[in-house]
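Here is the naming used below: chain letters follow the sequence lines, and residue numbers restart at 1 for every chain. Please read these numbers as outputs of a predicted model, since none were measured by experiment.
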Number of protein chains: 2
Amino acid sequence: METIEQFLESKNIRVTAMRLLIYKFLAENQVAVTLSDIENAFEKADRTTLYRTIKTFEENDIVHQIDDGTGITKYALCEKGCNCEIETDLHLHFHCNNCNETICLTEHKIPQIKVPDGFVSENVNLVVKGICDKCSGQ
Amino acid sequence: METIEQFLESKNIRVTAMRLLIYKFLAENQVAVTLSDIENAFEKADRTTLYRTIKTFEENDIVHQIDDGTGITKYALCEKGCNCEIETDLHLHFHCNNCNETICLTEHKIPQIKVPDGFVSENVNLVVKGICDKCSGQ
DNA sequence: CAATAAATGCACTTCCATTGCATAGATATT
DNA sequence: AATATCTATGCAATGGAAGTGCATTTATTG
């Protein structure tokens, strides 16, 4: 079992205390978080550092962006089954209109999207909005 | 054949010169436009007016928002087959990574998206990115 | 024509994303 | 181990887009 340090290094990301903390924060959160969420969790750290850390994670394919239509970019750790680096990857995300959380449904299979002749599909972003399992169960 | 004036009135939108111009601009553009696009087209008009006009159009269901993942809200006239007011409506939009245009593929049918147990789907936003027919034909 | 209501324009605010530059910290080189 | 070099971090500032309050103009109604 590899440590977080080893994992980051395997992705060509230098290990720093800050990066370890942010990685752990992302790992603890099943939901996609905004930069502000991270900012609130690490009040001592500068916003720019958090921003650039996320960018670094993104460039090295351990984090992906989620655009759930709220207008605020969210981020989540890539999990197995989430092959962001593959262009044809289909991101399925669910945004709960009740609790406002956005979660990745990576394990959920989606039918192939066909586009009209002449169009070349490189990337598909699918956001379903509604009520999540936690909120609907109440 | 009803005029634009009659159409707007049928949607409970008061007819003004500005609104007619903006409506015509949207009708001329097959692609989804940003507020800045409209702003550039009507430099004499105030941005707030354009903003509120679009909001009015939106509230009266003749324009719908498109979130194509560029982070900037885009707008397009609803066409027949685009039933925005129906919650289960599926918006399919195509964003060209080459010419940066976003178009509505309203006539294009999409398979039903199923969500896991416990989740309630109210709205689906699907954005396909790639190369559009115009750009791929070159 | 006067009274009322809606639309427009101006100024301002807020929020998020992003960048430049200086400094602190880590890594490599001698 | 000391120094040079490169990266990460922090601070300050900018820019873009969305949104709001208020005054003024324009349209509608009695």
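Salt-bridge annotation for Lys74(A) and Asp68(A): present, with a side-chain N of the basic residue lying under 4.0 Å from a carboxylate O of the acidic one. Under a 4.0 Å N-O distance rule, the pair Lys134(A)/Glu101(A) qualifies as a salt bridge. Salt-bridge annotation for Glu122(B) and Lys129(A): absent, with no side-chain N of the basic residue lying under 4.0 Å from a carboxylate O of the acidic one.
Per the geometry, CD1 belonging to Ile13(B) stands 14 Å off C1' belonging to dA6(C), to the nearest Å. Between Asp37(A) atom CG and dC16(C) atom P the separation is 10 Å, expressed in whole Å. Computed from coordinates, the Glu59(B) CD to dA7(C) P distance equals 10 Å when rounded to whole Å. For the pair Lys55(B) NZ and dT20(D) P, the interatomic distance rounds to 9 Å; values are reported in whole Å. The interatomic distance linking Ile72(A) (CD1) with dT18(C) (C1') rounds to 16 Å, in whole Å. With rounding to whole Å, Lys44(B) atom NZ is found 16 Å from dT8(C) atom C1'. Between the CD1 atom of Ile54(A) and the P atom of dC16(C) there is a distance of 15 Å, given to the nearest Å. The CZ-P distance, from Phe57(A) to dT9(D), rounds to 9 Å in whole Å.
Summarising the local packing, NZ of Lys55(A) is surrounded by more than 12 heavy atoms from other residues, nucleotides or ligands at distances under 6.0 Å. Within 6.0 Å of the CD atom in Gln6(B), the count of heavy atoms belonging to other residues, nucleotides or ligands exceeds 12. Heavy atoms from other residues, nucleotides or ligands lying under 6.0 Å from CD of Glu5(B) number more than 12.
With hydrogens and angles disregarded, no donor-acceptor distance shorter than 3.5 Å links the side chain of Asn29(A) to the backbone of Val31(A). Side chain of Thr16(A) to main chain of Arg19(A): a donor-acceptor pair is present (N/O by atom type, distance under 3.5 Å, no hydrogens or angles). At least one donor-acceptor pair under 3.5 Å links the side chain of Thr53(B) to the backbone N or O of Thr49(B).
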Is there any protein nitrogen or oxygen under 3.5 Å from a nitrogen or oxygen in nucleotides 25-30 of chain D, and what are the pairs?
none

Contact list (N/O, under 3.5 angstrom) for nucleotides 19-22 of chain C vs protein:
residue	atom	partner	partner atom	Å
dG20(C)	O6	Arg52(A)	NH2	2.9

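His93(A) and Thr102(A) share no donor-acceptor pair across their side chains, judged by distance under 3.5 Å alone.
For dA18(D), one of the phosphate oxygens OP1 or OP2 lies less than 4.0 angstrom from a side-chain nitrogen or oxygen of Thr73(B).
Listed by chain and number, the residues in a ring-ring contact (aromatic ring centres under 6.0 Å, His included) with Phe119(A) are Phe94(B) (sequence neighbours excluded).
Distance from the side chain of Thr49(B) is smallest for dG9(C) among the nucleotides dA17(C), dG9(C), dA18(D).
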- Item | Verdict with reasoning, Asn123(B) to His95(A), per side-chain hydrogen bond (donor to acceptor under 3.5 Å, both in side chains) | CA-CA 10 Å; Asn123(B) 179 275; His95(A) 177 76; over 6 Å; no
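Screening residues 31-63 of chain B for ring pair (Phe, Tyr, Trp, His ring centres under 6.0 Å), with sequence neighbours left out, gives Phe25(B)-Phe42(B).
Between Asp133(A) and Asp117(B), every side-chain heavy-atom pair lies at or beyond the 4.5 Å cut-off.
Remark on the helix from dC1(C)-dG30(D) to dT30(C)-dA1(D): inter-end axis angle 20°, axes from five-pair C1' superpositions, rounded to 10°.
Remark: Met18(A), Arg19(A) in residues 17-27 of chain A come within less than 4.0 Å of DNA chain D through at least one heavy atom.
Comparing Arg47(A) and Asp46(B), the nucleotide of DNA chain C nearest to each residue sits closer to the 5' end for Asp46(B).
Among the heavy atoms of the strands lying under 4.0 Å from Ser36(B) are primed sugar atoms or P, OP1, OP2 only; no base atom is included.
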